[in-house]
There are 2 protein chains.
Amino acid sequence: MGRPPSAKPTSFDIAYLAGVSQPTVSRALRGSKSVSAATRANIERIARELNYTVDKNASSLRSQRTHTLALLFFEDPTPDQSMINPFFLSMLGSITRQCALRGYDLLISFQQMHNDWHVAYQDSHRSDGIILLGYGDYQTYRAKLEHLVEMDTKFVRWGSVSDDSIGLTVGSDNIGAGVQAGEHLVAIGRKAIAFLGDASDHAPEFQDRYTGLCRAMAAAALTADPALQQDAVSSEESGYAAAQALLASAKPFDAIFAASDLIAIGAMRALTEAGLRLPHDVAIIGFDDIPAASLTSPTLTTVMQDLKGAGELLVDALLARIGDAPVERSVLPTRLIKRQSTAV
Amino acid sequence: MGRPPSAKPTSFDIAYLAGVSQPTVSRALRGSKSVSAATRANIERIARELNYTVDKNASSLRSQRTHTLALLFFEDPTPDQSMINPFFLSMLGSITRQCALRGYDLLISFQQMHNDWHVAYQDSHRSDGIILLGYGDYQTYRAKLEHLVEMDTKFVRWGSVSDDSIGLTVGSDNIGAGVQAGEHLVAIGRKAIAFLGDASDHAPEFQDRYTGLCRAMAAAALTADPALQQDAVSSEESGYAAAQALLASAKPFDAIFAASDLIAIGAMRALTEAGLRLPHDVAIIGFDDIPAASLTSPTLTTVMQDLKGAGELLVDALLARIGDAPVERSVLPTRLIKRQSTAV
DNA sequence: ATAATATGCGTATACGTATACCCTATGGTG
DNA sequence: CACCATAGGGTATACGTATACGCATATTAT
């Protein structure tokens, strides 16, 4: 029934030593109930002694499940160095941990949205499912998502959760966060609140945050002046430029809600250079609570997302999707962190 | 010779359509020279049409090479949330890109130094090699590294490069960086320079930076007072505490070289709270050039490491090691970024 | 012209695991 | 006591690829 043990231990070696057949070893180690307790214990002991570990490739090949998830991170199209959005980097930690907890490996890859990532990971059997991360312009590249759905690729995406979103999406309650920010600014007496961030279809999360702001203002009988909205992508430079454009428009404003901390930080620089006092002349709120937010001067009031929850939800939702379990669309609450930039 | 095409295309399907055998397909796609140009072109065309992609598991199983690297990241033992050292996160980007460039996948995993990571990835055939990242205490856990060497596991480690280091190590020129920092502080007239950071065997990188500082001071006929060295790990809190301890010691000092930006930022807070003016009373230099370094007030002079080079070197060194090619121990130069915290 | 290479490709098989299927002892049921 | 279910585990095989060999044909060398 067997052959003697060899170099790197295989299930055959264990079978030989335990006096059983290889399939029994496989069954025992995978927890099949059709193996007696005694046999199982014996096999487990031998496996431990030999430092045996299941060959991942063989296992995956046979079972067609890799127990690996792939994380595709979309960079903003800054072709230069590795200035990654700190927020997503933090989320990475959370995702990694949750994967480990669930017994899954995590494969990571940085992508440009315009590349062919949607076919690359499709069926080389590297992973059981895909997590898509980044402020990607899924509007323009909608076809790629549709391709994934068509191919029945299991994936989950971080972003704006709405009914017409394609595929499975997990995200923060951006509208609610916008409301939080707006209410806070209204509460400290601001009336002309500007928004820095792309408010188009191409950045649904930013759009949602703006929607929330408008809603809060409306609730306070204020109207959000469209002229006080300036497009910006999530970077310091973009925030700086947006704030300058805002100043150049000569429209008066006494508060800014920035769609991300990076934008806020850039804007603060522009405002300070223009001689404005923060928060006296202009109160400002950011989004993400990156580490730098507590280092600016004044320190930056911001909206904190639930990173830990996000990682857990992304992974668990994806695993449910992989297991063809029903998965309900869910949204994570946010928390307003009040700091000096809105302290009147 | 064949069977008709089926659901997910395999090399057999291509072989069938091309009228050749499966091994020929394998050879053609892998670039073996023993297949005619015409046949190869035909096979490649069909493969493209079918959207064929090599099954990674089968390929790895047969060839015993995974074309995957594993990145083990060691967290500082803060059991709380995902406050990861920004410096390493930045390096992650660089490593990821270099892996992609070399055609390798990257598996990522967060570990605690005291866990059994040294056996976990050992031979489940998940990866061809391992990258170890983090300010790990490799002194205490030396046995684990020795275990890896013993098992002939291919790995490379980021850290202090010295002759007695175990296994293959890639790192910055920490001593040289310390000299740079020291010379700069001396050049602006400082004479009592304190060092914040663990200077013991357990943190060889910090130790090297301190050594460099001492060397620069010696070259200027100054002596580094051991009483002006305070232990600290790389965190803001630790830096804050170390600076407080320094102040409490009542030893006069007019400059600080912190072993990391996080330490420096914490220290700045302590100094400011103590009523000291920066850089007038105390000049300060950090290390890493994290994004936050340009946001502090005053902005922080710091030592920038070559992240891009680090990622490239780590990956290439590991690949060389995997290919049993000779790999020379190398060290990366650093660059001093002068900002307000040392502007007199 | 014949032997020696080289070229291009088919045959057979191995990589290590998981699973479908089958067989043998039990033990309980009527 | 014949009957069937169940537990426990063996036999055979598939997963999809890569590679050692062998065998023709084509190409040189002698």
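In what follows, chains carry the letters A, B, and so on, assigned in the order in which the sequence lines appear, proteins first and then strands, with residues in each chain numbered from 1.
- Spacing between atom CD of B/Gln22 and atom P of C/dT13 amounts to 15 Å, rounded to whole angstrom units.
- Contact annotation: B/Thr39 side-chain N/O to C/dC9 OP1/OP2 distance is under 4.0 Å.
- The pair B/Glu44-B/Arg40 does not meet the salt-bridge criterion, since no charged nitrogen lies less than 4.0 angstrom from a carboxylate oxygen.
- Positionally, the nearest nucleotide of DNA chain C for B/Pro23 lies more toward the 5' end than for the other of B/Pro23 and B/Ser63.
- The nearest heavy atom of DNA chain D to A/Arg40 and to A/Gln64 marks one nucleotide each, and the one closer to the 5' end goes with A/Arg40.
- Under 4.0 angstrom from either OP1 or OP2 of C/dA18 there lies at least one side-chain N or O belonging to A/Ser59.
- Residue B/Ser36 places at least one side-chain N or O under 4.0 Å from the OP1 or OP2 atom of C/dC9.
- Looking at B/Arg27, its side chain comes within 3.5 Å of the base of C/dG10 through a donor and an acceptor atom.
- Rounded to whole angstrom, the span from the CG atom of B/Asn42 across to the P atom of C/dC9 amounts to 11 Å.
- The NE2 atom of A/His67 sits 10 Å away from the P atom of C/dA18 (whole-angstrom rounding).
- The nucleotide whose nearest atom lies closest to any side-chain atom of B/Thr24 is, among D/dG16, C/dT17, C/dC9, C/dC9.
- B/Asp105 has a carboxylate O that lies under 4.0 Å from a charged side-chain N of B/Lys56, or vice versa, which qualifies the two as a salt bridge.
- Ranking D/dA7, C/dG16, D/dG9 by closeness to the A/Lys33 side chain, first place goes to D/dA7.
- With hydrogens and angles left out, the side-chain atoms of A/Ser160 and A/Ser162 include no donor and acceptor closer than 3.5 Å.
- With rounding to whole Å, A/Ile14 atom CD1 is found 13 Å from C/dG16 atom P.
- Within the 4.0 Å cut-off from OP1 or OP2 of D/dT17, at least one side-chain nitrogen or oxygen of B/Ser11 is found.
- Distance from the side chain of B/Leu61 is smallest for C/dG16 among the nucleotides D/dC15, C/dA18, C/dG16.
- When the nearest nucleotides of DNA chain C are assigned to B/Val35 and A/Arg62 by heavy-atom distance, the more 5′-ward of the two goes with B/Val35.
- The side chain of B/Arg30 has D/dT19 as its nearest neighbour among C/dT17, D/dG10, D/dT19.
- A straight line from NZ of B/Lys8 to C1' of D/dC15 spans 14 Å, rounded to a whole angstrom.
- Relative ring orientation between A/Phe110 and A/Phe73 is described as tilted, the plane-to-plane angle lying within the 30° to 60° band.
- Checked against C/dT19, D/dC15, D/dT17, the side chain of A/Ser26 finds its nearest nucleotide in C/dT19.
- For A/Thr10 and C/dG16, the shortest distance from a side-chain N or O to OP1 or OP2 is not below 4.0 Å.
- You'll find the side chain of A/Asp316 reaches within 4.5 Å of the side chain of A/Arg102, heavy atoms only.
- Regarding B/Asp55, its CG atom lies at a distance of 17 Å from the P atom of D/dA14, rounded to whole Å.
- Proximity of B/Tyr52 to the phosphate of D/dT17: a side-chain N or O atom is located under 4.0 Å from OP1 or OP2.
- Computed from coordinates, the A/Asn57 CG to C/dA18 P distance equals 12 Å when rounded to whole Å.
- Salt bridge status for B/Arg321 with B/Asp128: absent, with no side-chain N to carboxylate O gap under 4.0 Å.
- C/dA14 atom P lies 18 Å from atom NE2 of B/His125, rounded to whole Å.
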